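Nothing fancy with the numbering, it's 1 onward along the sequence. Order of appearance sets the numbers: ligands from 1, and atoms from 1 within every ligand. Given the structure is predicted, the values throughout are model-derived calculations rather than measurements.
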Amino acid sequence: MILFIILASALTVYLIWFIYQLRKHFAPLNNVPGPTSMDMFRGILFATPADIWNYVRQLFKTYPRMFKFWHTIHAVVWLSHPDDVEVILSSMKHISKSRIYESLQPWLGTGLLTSTGTKWKERRQILTPALHFGILREFLNIFNDYSTLLVQKFEAASKEQPINIVPVITDFTLHTICETAMGTQLKTNEEQSKQYIDAIYRMGEVVIQRIACPWLQYAITFFLSGNYYRQEKLLKIMHTFSRKVIQDRKRTFSGINVNLKSKKRLALLDMLISAQLSRNDIDDDGIREEVDTFMFEGHDTTTSCISFTLLMIANHAEVQDKIVEELDAIFDNSDRLATVDDLQSMTYLEKVIKETLRICPSVPIISRSSEEDIELPSGYTIPKGTICFMHIFELHRNPEVFPNPEQFDPERFSNENSKHRHPFAYIPFSAGPRNCIGQRFAFLEVKVMVSSILRKFRLEPVDSFDKLPLVMHLILKSRDGIRIKFRKRDL
Ligand code: HEM
């Protein structure tokens, strides 16, 4: 009994000391406005991903520049002003992702998206040449082949019925990333490919459920919730598949070892195998981490971008007319496939894609952990160890930078109008040292897909962006998909 009283007293003293130290360390945040922990708890308890999305947006209406709250023992700040975001993103000191990304680690390990420090620097160095423009040119045939198939799919669908485009586009972006980055065709009629595609969809659900529900972020509660077993099953399918792709590629790669010395450009997976064979820079698990990272980052983001671009075009007839005029001038009614020069001539379409990514950024929120105290231009100090969320979706709606922010206006991205813009006011691909490595890949793919569709179809609106139920997810998504009508163009 005495022992129990001593232990309980020691524990109480330790807890009081711990909370005191925590409060002292994070005292500079006391000045930052924000909801109370109780408000926060009420706001997210039993909330769906759509409720959480709306709740955070509502908080930005009350605290437009930034706000803070406590999430159990973690101090969290949300930022949306370009000056504040610039201080964090442009620094090499704050390159570590916050603990929110830990939910991705069972799947992606510490690949390029989730790693930090020397590991991240070395991997970025190996992988940057894999997305060089010279290589992307070689991917054009693959983009063209798959977009031809996509158009055929829409042609076969009923003319009058709206189509939920998200699953169809997802199917195509998964096939293109697998073939371009891994040099492997996903065969939808093969059981293993089918299982893999399905597992990627379902793993996304598990990850987001864990991020959205605070109590699932701890290993023990996650384990008890039953989601752990679901995750293990999915990981087995996905990792077995990626390991097989790597082994198959390695076999053929060692057979053509000459590639290591030749000038021929290597695809992403070949680049990783080459780094292993020639310099032992990366082991088998490391290659697997990067393959999984690119499969994830390289398909969901572009699916969101293509789907929202088509939605915006369907809802803005005058914008659609201008794109069609541009395409007609380039292709002159011919059926030929797009070349790199054609894609570079699609300057108006490029402005449309940029404006879509402003209103509907595929990655709406990113997060970092502060590695040391940060003095923000707003006058507040963020102590070391704070979780910093940067709300790209809100940042892109700053009325001082983008007047009338909800209005869709591609001309915001004319050379004249973009010239004097704050460099961190528009960051769909993030910015600074940890920006998106696949940005040029994404633009090429989106342009090929969207132009192929508009050369064949007139898009008619069914859903509109302002009525879509957006959800808190890693990637911007509508809970109910995105529906559009496709009417064959009279050529
Ligand atoms: C429209 C399409 C895309 C958008 C809007 C986008 C956006 C972003 C953003 C905002 C980040 C920073 C994430 C963070 O800090 O947490 C990022 C990182 C990344 N993206 Fe993309 N992305 C797109 C397409 C792609 C594609 C096609 C690939 C691969 C081929 C790719 C690969 C990556 C990787 C590997 C990272 C991590 C980079 C690093 O930390 O060094 N992304 N992307």
Side-chain angles (χ1 to χ4, degrees), residues 85 88-92 94-104 108-117 119-128 130-132 135-136 139 142-143 169 172-174 176-182 211 267-269 271-272 289-309 350 353-369 387-393 395-396 424 426-450 474-477:
V85 166
I88 297 178
L89 291 187
S90 61
S91 163
M92 269 307 277
H94 308 295
I95 58 166
S96 297
K97 301 289 173 79
S98 77
R99 56 192 300 282
I100 294 296
Y101 293 70
E102 284 169 17
S103 315
L104 282 165
L108 309 182
T110 42
L112 196 59
L113 179 70
T114 42
S115 58
T116 188
K119 179 168 182 179
W120 168 75
K121 274 189 213 147
E122 284 173 4
R123 291 282 173 88
R124 182 98 188 188
Q125 240 165 22
I126 299 176
L127 289 163
T128 298
L131 293 154
H132 186 279
I135 295 191
L136 297 184
F139 292 164
I142 300 174
F143 292 146
I169 307 274
F172 280 89
T173 52
L174 263 175
T176 46
I177 189 66
C178 202
E179 194 158 339
T180 48
M182 262 72 77
I211 291 177
L268 181 123
L269 177 53
M271 205 74 102
L272 293 164
E289 284 173 349
E290 299 307 346
V291 163
D292 287 334
T293 297
F294 276 76
M295 280 305 291
F296 164 64
E297 271 289 316
H299 91 278
D300 232 5
T301 47
T302 43
T303 298
S304 167
C305 181
I306 295 169
S307 310
F308 282 112
T309 303
E350 184 155 325
I353 298 167
K354 285 183 175 164
E355 174 67 345
T356 304
L357 283 171
R358 180 187 71 81
I359 296 195
C360 331
S362 311
V363 182
I365 298 166
I366 55 177
S367 181
R368 295 278 191 282
S369 177
I387 297 177
C388 308
F389 282 106
M390 282 145 285
H391 204 293
I392 298 179
F393 190 95
L395 180 100
H396 286 177
F424 285 75
Y426 176 71
I427 52 164
F429 294 96
S430 183
R434 291 212 75 160
N435 68 350
C436 175
I437 198 173
Q439 182 167 344
R440 282 193 297 203
F441 178 110
F443 260 102
L444 204 65
E445 175 167 18
V446 176
K447 272 187 174 176
V448 173
M449 294 262 184
V450 174
L474 298 172
I475 307 295
L476 191 70
K477 288 192 183 198

K.L.:
Starting from atom 17 (C) of ligand 1, which protein heavy atom do you reach first, and at what distance in Å?
P.N.:
Cys436 CB, 3.5 Å

K.L.:
Does ligand 1 have any atom sitting under 4.0 Å from a heavy atom of Asn435?
P.N.:
yes

K.L.:
Decide side-chain hydrogen bond (donor to acceptor under 3.5 Å, both in side chains) for Thr303 and Thr173; before the verdict, give the C-alpha distance in whole Å, the side-chain angles of both, and the deciding distance to 0.1 Å.
P.N.:
CA-CA 6 Å; Thr303 298; Thr173 52; 2.7 Å; yes

K.L.:
Enumerate the atoms of ligand 1 whose separation from the nearest heavy atom of Ser430 is less than 4.0 angstrom.
P.N.:
10 (C), 12 (C)

K.L.:
Could you find the nearest protein heavy atom to atom 34 (C) of ligand 1 and give me its residue, atom name and distance?
P.N.:
Ile437 CG2, 3.7 Å

K.L.:
Are the side chain of Arg358 and the backbone N or O of His396 linked by a donor-acceptor pair below 3.5 Å?
P.N.:
yes

K.L.:
Is the shortest distance from a heavy atom of His299 to ligand 1 less than 4.0 Å?
P.N.:
no

K.L.:
Which class fits the ring pair Phe429 and Phe443: parallel under 30°, tilted 30 to 60°, perpendicular over 60°?
P.N.:
tilted

K.L.:
In the protein, which heavy atom is nearest to atom 6 (C) of ligand 1, and how far is it?
P.N.:
Phe429 CD2, 3.6 Å

K.L.:
Would you mind running through ligand 1 and noting each atom that sits below 4.0 Å from a heavy atom of Ser362?
P.N.:
1 (C), 5 (C)

K.L.:
Give the atoms of ligand 1, by number and element, whose distance to some non-hydrogen atom of Cys305 is under 4.0 Å.
P.N.:
1 (C)

K.L.:
What protein heavy atom sits nearest atom 15 (O) of ligand 1, and how far away is it?
P.N.:
Arg368 NH1, 3.3 Å

K.L.:
For Gln439, is the nearest heavy atom under 4.0 Å from an atom of ligand 1?
P.N.:
no

K.L.:
Polar-atom distance check: Thr293 versus ligand 1, any N or O pair below 3.5 Å?
P.N.:
no

K.L.:
Give the residue and atom name of whichever protein heavy atom lies nearest to atom 19 (C) of ligand 1, and the separation in Å to one decimal.
P.N.:
Glu297 OE1, 3.4 Å

K.L.:
Has Trp120 got any heavy atom lying under 4.0 angstrom from an atom of ligand 1?
P.N.:
yes

K.L.:
Select one of side chain, backbone, both or neither to describe which atoms of Ile366 lie under 4.0 Å from any atom of ligand 1, heavy atoms only.
P.N.:
side chain

K.L.:
Considering only heavy atoms, which of Glu290, Arg434, Arg124 lies nearest to atom 41 (O) of ligand 1?
P.N.:
Arg124

K.L.:
Using a 4.0 Å heavy-atom cut-off, say whether Lys97 meets ligand 1 through its side chain, its backbone, both or neither.
P.N.:
side chain

K.L.:
Please check this pair: side chain of Thr128 against backbone of Arg124, looking for a donor-acceptor N/O pair closer than 3.5 Å.
P.N.:
yes

K.L.:
Report the part of Phe441 in contact with ligand 1, treating N, CA, C, O as backbone and CB onward as side chain, heavy atoms under 4.0 Å; options are side chain, backbone, both, neither.
P.N.:
side chain

K.L.:
Hey, is the main chain of Leu112 close enough, under 3.5 Å, to the side chain of Glu290 for a donor-acceptor pair?
P.N.:
yes

K.L.:
Tell me the protein heavy atom at minimum distance from atom 24 (C) of ligand 1, and give that distance in Å.
P.N.:
Thr301 OG1, 3.2 Å

K.L.:
List every atom of ligand 1 that sits less than 4.0 Å from any heavy atom of Phe294, numbering the atoms from 1 in the order shown and giving each element.
P.N.:
29 (C), 30 (C), 35 (C)

K.L.:
Test your reading of the structure: does Tyr101 have an N or O sitting under 3.5 Å from an N or O of ligand 1?
P.N.:
yes

K.L.:
Can you pull out the closest protein heavy atom to atom 5 (C) of ligand 1? Residue, atom name and distance to 0.1 Å, please.
P.N.:
Pro428 O, 3.5 Å

